[in-house]
2 protein chains.
Amino acid sequence: MTVASLEDPTPEAALEFIEAEMAADAMITIVGECIVDYTGRTDSFLPAGERLVVLKPDGTLLVHRMEKRTPVNWQPPGCIHQPAVEDGVLTVQSTRRDPEEVVDIEFRTVLQVSAMRLADGRELDLVGTEEDLRQRILADPTLVEDGFTPQDTERWNVAGPADIYGEDAAGRPVIVELKRRRVGPDAVSQLKRYVDEFVRDTGHEDVRGIVVAESLTENAKALADREGLEFIPLAPPEDSVTGTTATLDEFGD
Amino acid sequence: MTVASLEDPTPEAALEFIEAEMAADAMITIVGECIVDYTGRTDSFLPAGERLVVLKPDGTLLVHRMEKRTPVNWQPPGCIHQPAVEDGVLTVQSTRRDPEEVVDIEFRTVLQVSAMRLADGRELDLVGTEEDLRQRILADPTLVEDGFTPQDTERWNVAGPADIYGEDAAGRPVIVELKRRRVGPDAVSQLKRYVDEFVRDTGHEDVRGIVVAESLTENAKALADREGLEFIPLAPPEDSVTGTTATLDEFGD
DNA sequence: CATTTGATGTCGGAT
DNA sequence: ATCCGACGTCAAATG
C-alpha cells in the first residue's frame, strides 16, 4: 500500500484529493491551521491553531494537538464526514445521529493532506485483563480462600452481574468483586450493591462480599469495614515486567 | 509552519529524519507495516499490519488503525520515545516510569514519515459540562426545588465530595448528585454512599439525597426508590442543536 | 504524591 | 436498541 500526499495544496486541490480518497475508503490526514466547532452532548469551540486531523473510513474523526493522548476534538465511528470548499476555505463537517452531534472544521491553511489504505487484518491480543484474572481464580479458587467453590458460571444469574459467585467451606454464599489494580470506594460500593440485591432477591442474609484486588485505598478499606465486606489482596501472576533483575539463585538451577 | 516528509525511506533515512525532528520538538507521524508489543499494566501483542503511528513531543504515542476512535496501542504523555535501527529495521521504543510500561514498535515497512511543529496557543472552550450544570443550579436553586438553598459553595467539607449541599424549605439537609445525562445504578450508588457518610459523620438521619439528571434507567430508579433517594429530571438549557429547521417566522424579522 | 471523580469518555457484551 | 460495567481508561482538581 502506498501513501498519497499533497503539500500546501489549494483548498480546491485538497478537496478534490480528499473526495477521491474518501470514495476509495482511504484514511485521510490533514495538517493545517483550523477552527473546530462542536455541538452535541456538550458544545465546544477551539480557536484557530495548527492541528493534525484524521478522518477514518469508519466515520471516526480525530483532531490532535501537539500534546495529550486524548484528541482535543473528535467524533466516534459511524459519523458522516463531508468535506467542502466554502468561500475558498476547506471545511470538513462530521455529523452523527443519536445523539445528534456535529463537528465543523474550517481550515485557514492546509500544509499537508495524505491518504492511505492500510492493510491490517490481525487482532490485538491483550493479556492480563479482569477476565483473565477471573479465569485464574476459577482455575484455582484457593486464591480467594481455602474451600471456596465457584458455582456454575451459568447459574451466576443468582448474584446478578457479580464477577464470581460461589460458596465458602461452610456453604455460605459468596459474591466476589474482582479488580486488577488498587481500587477505591467505587468498587467497594459496587460490591455492596450486588450484595444488597442478592439479599433482597434471595433472602439469604448470610452472604459474604469479597473484594479481590491488588490493594484498597484507605477510604475504600474503611468503607469495606463499615459494610462488613472483606478484602483479599491478589498480586498479578509473577511474570510482571517490574524490572527487578533475576537473583543469582535463579541461574543456579 | 511546514510539514517535512519522506516517502518510502530506507530505515536509516527514516531514523536520521526522526532523530533530527524529535530533537527539534516536532510531532512525528509514521505510516507503515509494524508489529507492536506492549508490556505494563497488562500485556498485548499486535501482529504485523499497516498503521499510522504518532509520536508527540510531550511523550505521547498513538498507534491508529483504519477503525475506531481509540488507538490500538498507545503511551500517555511523559514517555520517552527512542527510535533506532536494529538489524536493518526501524524500531521505536516508548518507555514510561510508574507504572513501568514499554511499547515496542518494529516497522517492516515505512511508507511515509512526516514531521511537524504545530503552533497552537489557544485553549478549548467547552460548555455544558457538569460544572456548568452546577453553576446553573447555584444561580437558580429552584431548578432543584422551591425553597432549596445551597450552602457554602466553598469547601463542602460537611457533605464530602457531594456536587451540591444545601437545605430544603423545611431546613432538612440535602445532598445533590448531578449528572448531565441519563444515569444508571452507579450514580445512585454514589449518592447513597455520600448520604451514608453524611449520616455517619454528622448524625443527621433526616438528610435527603437527590439525583438531578436528565433521566434514570429503570434499575437506577428502582435502586433510588429502595434507598429512599429522590430524582429530579433536568433537561439541558434550551439551546440544543436538535436540528429542527428554523421557522419561517424567524426569517420574517 | 495519592485519591477521587468527571468525561462529548469509548467499547464490548448481554438482555 | 438499551443497559451495564471494564478500560493499559485519560485528565483535572483536591488534600
Side-chain angles (χ1 to χ4, degrees), chain A residues 36 38-44 60-61 63 67-79 94 96 98-103 124 126-134 156-157 160-163 177-187 189-190 193-194 215-220 236 241, chain B residues 38-44 60-61 67-78 96 98-103 124 126-134 155-157 160-163 177-187 189-190 193-194 215-221 236 241:
Chain A
V36 187
Y38 158 71
T39 310
R41 287 166 288 179
T42 65
D43 304 276
S44 76
T60 300
L61 165 73
V63 181
E67 305 88 31
K68 298 296 176 202
R69 210 218 66 153
T70 305
V72 61
N73 281 112
W74 71 89
Q75 204 68 291
C79 299
S94 176
R96 175 190 192 187
D98 195 34
E100 189 112 0
E101 297 193 290
V102 183
V103 170
L124 180 75
L126 184 63
V127 179
T129 60
E130 182 179 303
E131 176 59 18
D132 291 329
L133 174 57
R134 182 165 166 272
W156 133 120
N157 308 4
D163 291 326
E177 175 63 31
L178 287 180
K179 293 294 171 195
R180 287 182 307 108
R181 50 189 188 88
R182 186 171 177 82
V183 301
D186 53 339
S189 208
Q190 188 180 357
R193 179 154 52 88
Y194 295 160
S215 57
L216 285 187
T217 67
E218 278 307 309
N219 283 352
V241 78
Chain B
Y38 157 73
T39 309
R41 285 167 290 180
T42 64
D43 305 275
S44 75
T60 299
L61 165 73
E67 307 87 29
K68 299 296 173 202
R69 208 218 69 149
T70 305
V72 61
N73 278 114
W74 70 90
Q75 203 71 293
R96 174 191 192 186
D98 196 37
E100 189 113 358
E101 296 193 291
V102 182
V103 170
L124 180 75
L126 183 64
V127 180
T129 61
E130 181 180 304
E131 176 59 20
D132 291 328
L133 174 57
R134 182 166 166 273
R155 291 307 160 247
W156 25 230
N157 301 349
D163 291 326
E177 175 64 29
L178 287 180
K179 293 294 172 194
R180 286 183 306 109
R181 48 188 192 89
R182 187 169 176 82
V183 301
D186 54 338
S189 207
Q190 186 179 9
R193 179 155 54 88
Y194 296 159
S215 57
L216 285 187
T217 66
E218 276 308 309
N219 283 351
K221 178 87 170 65
V241 75

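First the proteins, then the strands, lettered A, B, ... as listed; each starts at 1.
- Under the 3.5 Å distance criterion, the side-chain polar atoms of Glu101(B) are left unmatched by any main-chain donor or acceptor of Tyr38(B).
- The side chain of Gln75(B) has dG8(D) as its nearest neighbour among dA6(D), dC11(C), dG8(D).
- Of the two residues near DNA chain C, Ala220(A) and Thr129(B), the one whose nearest nucleotide lies more 5' is Ala220(A).
- When the side-chain nitrogen and oxygen atoms of Lys68(B) are compared with OP1 and OP2 of dT10(C), none of them lie within a distance under 4.0 Å.
- Lys221(B) meets the salt bridge (charged side-chain N to carboxylate O under 4.0 Å, His left out) test with Asp225(B); sequence neighbours excluded.
- Phosphate contact (OP1/OP2 of dA11(D), side-chain N/O of Thr70(A), threshold under 4.0 Å): present.
- Applying the 3.5 Å distance criterion, the base of dG8(D) shares a donor-acceptor pair with the side chain of Asn73(B).
- In the set dC11(C), dT3(C), dC10(D), the nucleotide with an atom closest to the side chain of Pro76(A) is dC11(C).
- Where Glu177(B) and Trp74(A) each meet DNA chain C at their nearest nucleotide, the meeting point lying more 5' is that of Glu177(B).
- Both Asp186(B) and Tyr38(B) sit near DNA chain D, but only Asp186(B) has its closest nucleotide nearer the 5' end.
- Not a single salt bridge (charged side-chain N to carboxylate O under 4.0 Å, His left out) links Arg181(A) to another residue, sequence neighbours left out.
- Along DNA chain D, the nucleotide closest to Thr42(B) and the one closest to Asp98(A) are compared, and the more 5′ of them pairs with Asp98(A).
- Note that CD of Glu130(B) and CG of Leu178(B) are 5.5 Å apart. Values are rounded to the nearest 0.5 Å.
- The phosphate of dT5(C) (OP1 or OP2) has a side-chain N or O of Arg193(B) nearer than 4.0 angstrom.
- You'll find that the side chain of Arg69(B) is closest to dC11(C), out of dC11(C), dA6(D), dT3(C).
- Closest to the side chain of Leu126(B), out of dT8(C), dT3(C), dA6(D), is dT8(C).
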